[in-house]
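Proteins come first, then strands; the chains are lettered A, B, ... in the order of their sequence lines, and each starts at number 1. None of these values were measured; they are calculated from a predicted model.
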Amino acid sequence: MMSRMHDIYRWGLLALLLAVVSSAAGAEDVSARALKLYEKHYYEDAGRLLRPQLAALDSASQPAARLTLGMIYLRSAELYLELQRTALVIETDYLKKLSAQKGANASRYADFYLGQALLEDGKFTESAKYLQRFSASAGVTAAYKSYANVELGAAYWRSKQAQKAGALWAAAAASTPEDKAALAAAYAAAGAQEHHPLAMADAAMDEAKKQGKPIGAHLAGNLLRAYADAPEKALDLLAANEFRGASFVEMLGQSKSISFYDPALLGDLAHAHLRAAVLYLEQAGRDPRLGNTAAYFLIDAYLLQGNAEQSLRQAAAFLAQSQLPAQYRDHASSRQAAAQYLAGKRQEANALWTDLAEKSAARPELLAEVMLSCTQASADCAKYEQRAVAATETGEGKKYFSLNAALGKYYLLRKDYAKAVLYMEAGRDKANKNKIEANDPVMLTGLAQAHYHNKKFSESLEIYFEMSKQYPAVRQIQDAMQGIYATEQRSAGDVKIF
Amino acid sequence: MKQISIIVVLALSVLGFVAGESQAADLKKTTRPNGGTLSYGEYGRPATLDPITSNEMISMRLSELIFNGLVGISERQEIVPELAQRWEASKDGRTYTFFLRKDVTWHPKPGEEAKPFTANDVVFTYNIMMNPKTITPLKVRYEFIEKAEMLDEYTVQFTLKRPVLNALAKFSFKIIPRHGPSNPLYLTREDNFVQHPIGTGPYMLKNVTADREIVLVANEKYFKGRPHIDQFTAKPFADQNILTQALTFNAIDMIVLVNPRSIAEIQGDKRFILQPYNALSYSFFGYNLRNPLLADKRVRQAFGYAVNRQEMLDAFFNGQGTIISGPFAPGSWAYNLDVQPMPFNTQKATDLLREAGFKPGADGIMQKDGKKLELTLMVPIEKESEAVKRVVLAFQNYLKNIGVSVKVEFKEWQAWKENVFADHSFDIIFASWVFDDSADISSLFHSAEIGPWKNNFGSYSNPEVDALIVESKLTLDHEKRRTINRKLHALLADEAPYTFLWTLTNYSAYHKKLQHVAIHPYKFFSYADDWYIPVAAQK
């Protein structure tokens, strides 16, 4: 994975450098600095550095800067999607534990957040059950009951009960900025443009500003979702707020408090970044010097969006070039196969993957590409798996990191967590164990999830502890995992001097 | 609340019963080969080899090979039977009855028949552990037990003063034989038993060589089945760099804890496997609050601001670790993520000293009421690795920059422990604690733990901290315990009884000939009886 990222980066950088040769020195500096941060996987910092400078750059430098931003947001989106997958697993486990507790000191709000988490995870019926239970419970605020009804509407909408959803939304309070933002988010997620979610979100934001209210995590999360079709607004919101705080802290007496986080947040961050990636890459692609480079990244971006046809078009355009370096052709081809598979052209996809796998004898990174793209497409990867396992058994060293990591990801999705850890550990730079500069954070996130399933909670927490320095939104995963760990740990209370 | 605890206890007891029945007869049925020897390198030497008097990791790892508890903890965090075949918990969570295996014998003394393990040994262990004259850090962990009684030869019952969270896991303490210690009432470090332990575990002490290597041999009559590897030898090293060299030159087969600076070198060597394990640990400078100069928290806070932790971590440990802010490791469930480490800020450090009434003297050393801020930093010589030496010298230099004179004294390991834990004749120490995952810091900071050979060596006493620690022990609510620990973290970070430094990356390294290696993150050798060496690779 790491070597893939480096390769992509270098090639992108080469094109970019060519493009900026004629640009002003200042513009080159800021793009180059952003790319250095990108190479270290500091996507948040990279975006924060470059985007505010964009408007001030001269027109010649703009395309290269937009390409850079597109690359940054693409990888950021990829990471947040992985984080979201992990968060849903861990937070659901944690919230279910909280929800199952009874008695005076049990949480009253766990059902609401569990309902949200299940909604986010596509379990609409189960989600509705918890949201209804929350709405009917005593001792919770009217505002939260109102939010719960909006979320219940979303659960109905997504389970194709539009009438019930509409009734709940129509009855929902819209008196505070928080109410308005919650409704706007629900309408935006449902694609109900007739309710003008964007305008509602703007109104909520203006009202909050007028009231001098800080944009809390709950409000900000809903605004982010409401700005689904306005990536620039979403990015402005992200730039102005730190998304790590709890959405709500429930106090249960003097000595007990529980922090709840918005289960949709990481997914919303991913989608905001992905939309921004597509926006900037498309803009960069209009420059004839950068069109091919942008296409290369757009193959991945559209694929992540689930837009297989667009991805295929970009792949065709990119691969039509002559004299492409083999590794870039192979990366694009492997993603083309994934797009073909998702577009229903399974025979073509398998033929392409097989062809690539057969060419991979001395190139573990190519086999890694095949495994990754095949896994991403949820295809049957058994025959590539066998080849990949055999390759890792005979080969060692950094050259095989990417293949081991790809195999680990494959086993993670197949829920074979022991093998997932085995291979991802083999793909980890141990001299920089948890450092995202040296290890792809997407791989570390997968590894952390596998450790979680194997009940190696502290290994997992250490990964997130390091990651949180650059990505504070992982706090919600940390907090949920600490909660599970506190319940599951079995030890006697020992401490020794080293 | 009580009802919840009863449900938890009942659920555990049912699980335990089922597990006990199913695994009691789980003797080794594998076809893995027996034979071969394993030499592993330790950074230092153990003071004692028994599980009661020691408070250090090297002894604890050896204890794991030599002894067993009533219950064990599996890799999946499940409570599993060990010396107890099964158990029952009362509905009120206050009585635990353990039904013992009848096929366990103690390691035989030379020339004697092996003696059977019975309930008598369990009661004996508990009583000797809790005897006020026994020197052990374990007492605080078991104060929740009211009494231990033998119901019959193979049944023992513990009555608890109150129900506690995770009670069953606490019965994993190691059992020693009644016929072991020469004094049947209490155990001291002078007793022959602490150097010549007798256990029930997979390995038996054979001898300690002139080079202080500790040789253990397979217990042929181990109740879980003979361990596969014939012999384990613990080899002491005074320097972590030499440990790495010993591994690469095949003088040893395994390093328990790899020097962070050597990880890249070992990762590049195809003969070895690097295995991460997360012993929850951290390093710190600890202060003796008996010294009036250090009793003022502003002085201790000033030291925290004066040291550049990131610079030290990067320069001396290749950045292989994480800066911490308080008394828990970052991988722990108890770590308070809202508390940030003190930043490096010499101006703030100086301001705090001035606020505490110190002014620079003619020689630049801060002083107050005619007393110079001159302190002694005590470092054990066996831990005198190059990195440790650099850390303490850097600390000396950082403090010099704010007008504090630190004299570094290197002491032989035993002398260091006596100075720190028994005599308390020190000002500052550099050391590391390693925790199991219970996040129990009571022995470190509760005022009842001040005294000879107790872990609160610095005599830290704060009623608020004491109250929180007690509240944390009394609660049966996991979330409440988390909240209390977060408060403790914030409070102790501010109080600065230690300057909390970092947690380092933990890797074990071993030769590829070792197979089926699973490592317990704290006890390390818990599953070592399943390790094996293929015949072709046996020396």
Side-chain angles (χ1 to χ4, degrees), chain A residues 97-98 101-107 244 250-258 396-398 421 425-426 428-435 451 454-466 468-469 475 478-479 481-498, chain B residues 1 3-4 54-57 60 73 76-79 137 141 166 169-170 172-173 263-264 267-268 270 274 276 278 280-281 318-320 322 329-335 337 431-438 440-444 455 471 475 477-484 505 507 521-522:
Chain A
K97 275 183 191 286
L98 290 179
Q101 288 171 5
K102 302 280 177 261
N105 280 327
S107 167
R244 82 157 142 211
E250 184 180 12
M251 300 301 300
L252 293 154
Q254 287 289 310
S255 302
K256 182 175 175 181
S257 65
I258 303 174
E396 290 186 71
K398 285 193 174 179
V421 167
E425 280 293 351
R428 188 184 205 178
D429 179 354
K430 295 180 174 64
N432 295 286
K433 191 181 173 194
N434 297 318
K435 294 199 179 342
H451 276 310
N454 290 331
K455 300 201 173 187
K456 305 284 187 208
F457 302 114
S458 53
E459 287 289 347
S460 195
L461 280 170
E462 274 202 348
I463 289 173
Y464 288 118
F465 190 81
E466 280 299 316
S468 68
K469 293 173 185 170
R475 167 65 73 87
Q478 293 175 281
D479 207 322
M481 193 162 341
Q482 283 189 337
I484 299 261
Y485 188 10
T487 315
E488 298 257 336
Q489 63 87 13
R490 302 273 178 269
S491 54
D494 204 8
V495 54
K496 305 273 188 211
I497 199 112
F498 172 67
Chain B
M1 185 67 67
Q3 285 219 317
I4 292 173
S54 170
N55 71 339
E56 59 183 296
M57 292 301 288
M60 199 264 290
I73 294 147
R76 296 283 304 164
Q77 295 284 304
E78 294 149 337
I79 306 286
R141 277 165 49 186
N166 212 6
K170 295 182 192 297
S172 57
F173 65 84
I263 290 170
Q267 184 171 20
K270 293 178 180 178
L274 273 168
N278 205 320
L280 299 166
S281 62
N318 278 7
Q320 296 299 301
T322 306
S332 164
W333 55 267
Y335 194 91
L337 299 162
S432 303
W433 286 121
V434 188
F435 299 82
D436 66 15
D437 58 8
S438 62
D440 186 345
I441 55 169
S442 55
S443 74
L444 275 53
N455 286 343
E471 194 181 5
T475 186
D477 183 327
H478 291 289
E479 284 299 324
K480 186 173 177 185
R481 193 171 54 140
R482 275 182 82 196
T483 309
I484 295 166
T505 300
Y507 273 103
Y522 179 65

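Proximity of A/Lys456 to B/Asn278: side-chain heavy atoms (C-beta onward) are nowhere separated by under 4.5 Å. Using a 4.5 Å heavy-atom threshold, the side chains of A/Arg475 and B/Leu337 count as touching. A heavy-atom distance below 4.5 Å is not found between the side chains of B/Ile484 and A/Lys256. B/Thr483 is not listed as a side-chain neighbour of A/Ser255, based on a closest heavy-atom distance of 4.5 Å or more. Between B/Asp436 and A/Gln489 there is no side-chain heavy-atom pair separated by less than 4.5 Å. The shortest distance between side-chain heavy atoms of B/Arg482 and A/Asp479 falls below 4.5 Å. Side-chain contact check for A/Ile497 versus B/Trp433: some heavy-atom pair is nearer than 4.5 Å.
With values rounded to the nearest 0.5 angstrom, B/Ile263 atom CD1 is found 10.0 Å from A/Lys430 atom NZ. Taking CG of A/Leu252 as the reference point, atom NZ of B/Lys480 lies at 10.5 Å (rounded to 0.5 Å). To the nearest 0.5 Å, the span separating CD on B/Glu479 from CD on A/Gln482 amounts to 10.0 Å. Distance CG/A/Asp494 to CG/B/Asp437: 11.0 Å, rounded to 0.5 Å. In this structure, NE2 in B/His478 is found 11.0 Å from CG in A/Leu98, a value given to the nearest 0.5 Å. Remark: A/Thr487 OG1 to B/Arg481 CZ distance equals 8.0 Å, nearest 0.5 Å.
Between A/Glu466 and B/Thr322, the side chains place a donor N or O and an acceptor N or O closer than 3.5 Å (distance only, hydrogens not considered).
Here the closest heavy-atom approach between residue A/Ser491 and residue B/Ser438 is recorded as OG-N, 3.1 Å.
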Criterion side-chain contact (heavy atoms from CB on, under 4.5 Å) on A/Lys496 and B/Tyr522, from CA distance to verdict: CA-CA 10 Å; A/Lys496 305 273 188 211; B/Tyr522 179 65; 3.0 Å; yes

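Checked against salt bridge (Lys or Arg N to Asp or Glu O under 4.0 Å), A/Lys455 has the following partners two or more places apart in sequence or in another chain: A/Glu488. Listed by chain and residue number, nothing satisfies the salt bridge (Lys or Arg N to Asp or Glu O under 4.0 Å) test with B/Lys170 (two or more places apart in sequence, or in another chain).
If you tally non-hydrogen atom pairs under 4.5 Å between each of A/Ile484, A/Leu461, A/Val495 and chain B, the highest count goes to A/Val495. The residue among A/Gln254, A/Gln478, A/Lys97, A/Met481 with the most heavy atom pairs within less than 4.5 Å of chain B is A/Gln478.
Only the side chain of A/Lys469 comes within contact range of chain B, judged by heavy atoms closer than 4.5 Å. With a 4.5 angstrom heavy-atom cutoff, B/Leu274 touches chain A via backbone and side-chain atoms both. Only the side chain of B/Tyr507 comes within less than 4.5 Å of a heavy atom in chain A; its backbone stays farther off. With a threshold of 4.5 angstrom between heavy atoms, B/Leu444 approaches chain A through side-chain atoms but not through N, CA, C or O. Neither the backbone nor the side chain of A/Asn434 comes within contact range of chain B, judged by heavy atoms closer than 4.5 Å. Only the side chain of B/Gln267 comes within less than 4.5 Å of a heavy atom in chain A; its backbone stays farther off.
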